[in-house]
Amino acid sequence: MPNETMTESVMQTYNRFPLTLVKGKGSYVWDDAGEKYLDFSSGLATCNLGHVPEKVEQAVKEQLGELWHCSNLFHIPSQQQLAKLLADNSSLDQVFFCNSGAEANEAAIKIARRYAQEEAKNGRHEIVTFTQSFHGRTLTTLSATAQEKIQQGFAPLTPGFHYLPFNDFDAIKEVADRKPCAILVEMVQGEGGVNPASKEWMQALAQTCKENDILFMIDEIQTGFGRTGTLFAYEQYEVDPDVITLAKGLGSGLPIGAMLAKEQVAKAFSPGTHGSTFGGNPIVTTSGLATLKEIAETSLLSDIKPLIDQLWQGLEQIASKYDVIKEVRGKGFLIGVEVEGQAIDYITKAREEYQTLIIVAGPNVIRILPPLTTNKEEIEAFLNTFEKLFAE
Ligand SMILES: *Cc1c(COP(=O)(O)O)cnc(C)c1O
């Protein structure tokens with residue numbers, strides 16, 4: 001249990017569960033009383049390879065004995081290798097490294113404006129984002145986040161954002177009319193309630209961007225790194241982004257973010273236009289490199305296909321039995337279960353009675369985020385627990 005005199009000094013920006021975690025391995029975590037939990041929250045879609053994945057641990061341990069930090073005034077081999085491997089495994093060409101998702105989106109917003117000014121020279125600056133999106137908590141990324149509850153109390157916001165309805169075809173017409181310099185969109189909205197975009201809508205949006213010289217920028221911070229069943233979610237939507245942003249799963253839990261761009265867009269950043277002291281340092285890029293190798297250079301992504309099917313089929317079966325479940329939605333291992341009533345009641349019960357960790361995505365959506373390294377038995381155990389939440 002948390003010690004109240006110890007938590008007092010931490011600013012209250014999170015409603016924390018009454019649970020103190022001290023150890024993790026694979027799909028499990030342990031609390032300070034030694035109790036074991038099945039963790040299908042994966043540190044908020046971050047520990048995609050499970051907790052303390054061996055290959056990543058080994059690589060980072062080795063790097064810890066060599067060099068921790070030297071700044072971006074010098075060349076960093078692991079940074080170059082990670083950038084190359086990201087480029088090889090995506091349709092993007094160059095990478096800027098930073099420390100978080102919000103910073104990756106900041107970099108995307110900055111490069112979009114600078115591209116409009118220096119490369120396209122079209123005089124545009126507006127960026128369109130979509131209702132229920134989530135792009136981060138810095139002042140500019142919360143200005144990009146089209147959710148009032150995130151923005152409340154922080155006015156004046158950064159100007160230059162326009163919000164349009166997600167998954168709405170009229171919004172695409174408006175994008176064509178407004179001609180912003182860029183749009184920024186999630187393939188599956190994570191924090192906003194696990195809302196997948198339809199493929200038709202996403203492809204039409206991408207096409208409209210292409211026809212009107214609007215940069216098509218995808219926030220893959222939650223959907224990336226295998227979370228939706230492919231390395232990046234955009235692969236399943238068969239679209240060709242100009243920019244993507246990454247963080248969460250990229251470092252297996254070490255803090256790293258990245259903004260990837262096509263070569264002609266990347267040119268808009270020249271030395272001195274953007275930077276980060278820690279961005280892409282030897283430790284975090286070693287972690288990112290080992291993580292990416294595990295996901296992109298092994299059979300992991302094909303191995304998890306039957307596991308994804310098993311989980312979805314099990315959830316849909318449960319949903320068909322209990323009327324309080326309204327919908328099961330998402331993609332791959334990014335799953336939202338919309339319920340009647342408060343999602344928090346179900347996740348509390350899962351934690352307290354069944355030692356199973358899941359989280360919410362808004363007031364009435366349960367969010368399930370298994371590690372990609374889970375197995376048949378764990379999913380079976382999870383489904384048994386999940387049904388009990390509704391049966392009892
Ligand atoms: C988590 C998240 C962010 C913000 O990432 P931080 O690392 O918390 O700054 C941005 N966009 C999406 C889609 C996210 O899920």
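Quick caveat, the model's predicted, so the values are computed rather than measured. Order of appearance sets the numbers: ligands from 1, and atoms from 1 within every ligand.
Remark: Lys199 fails to qualify as a cation-pi partner of Tyr237 under the 6.0 Å distance and 45° angle criteria applied to the six-membered ring.
Annotation: salt bridge (Lys or Arg N to Asp or Glu O under 4.0 Å) contacts of Glu316 (sequence neighbours excluded): none. Applying the side chain to side chain contact (heavy atoms under 4.5 Å, CB included) criterion to Ala266, with sequence neighbours excluded, gives Gln94, Ala261.
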Anything under 3.5 Å between a donor and an acceptor, one on a side chain of residues 103-113, the other on a protein residue two or more places apart or in another chain? List them.
unit_1	atom_1	unit_2	atom_2	d
Glu103	OE1	Asn99	ND2	3.0
Glu103	OE2	Asn99	ND2	3.4
Glu103	OE2	Ser100	OG	3.2
Asn105	OD1	Thr245	OG1	2.8
Asn105	ND2	His135	O	2.9
Asn105	ND2	Asp219	OD2	2.9
Glu106	OE2	Thr138	OG1	2.8
Lys110	NZ	Thr273	O	3.4
Lys110	NZ	His274	ND1	2.9
Arg113	NH2	Pro159	O	2.9

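Checked against a 6.0 Å centroid threshold, the rings of Phe333 and Trp312 do not count as neighbours.
Between Phe232 and Tyr234, the ring planes lie parallel to each other; the angle is under 30°, not in the 30° to 60° tilted range.
Within 4.0 Å of ligand 1, heavy atoms belong to protein residues Ser100, Gly101, Ala102, Asn105, Phe134, His135, Gly136, Glu186, Asp219, Ile221, Gln222, Lys248.
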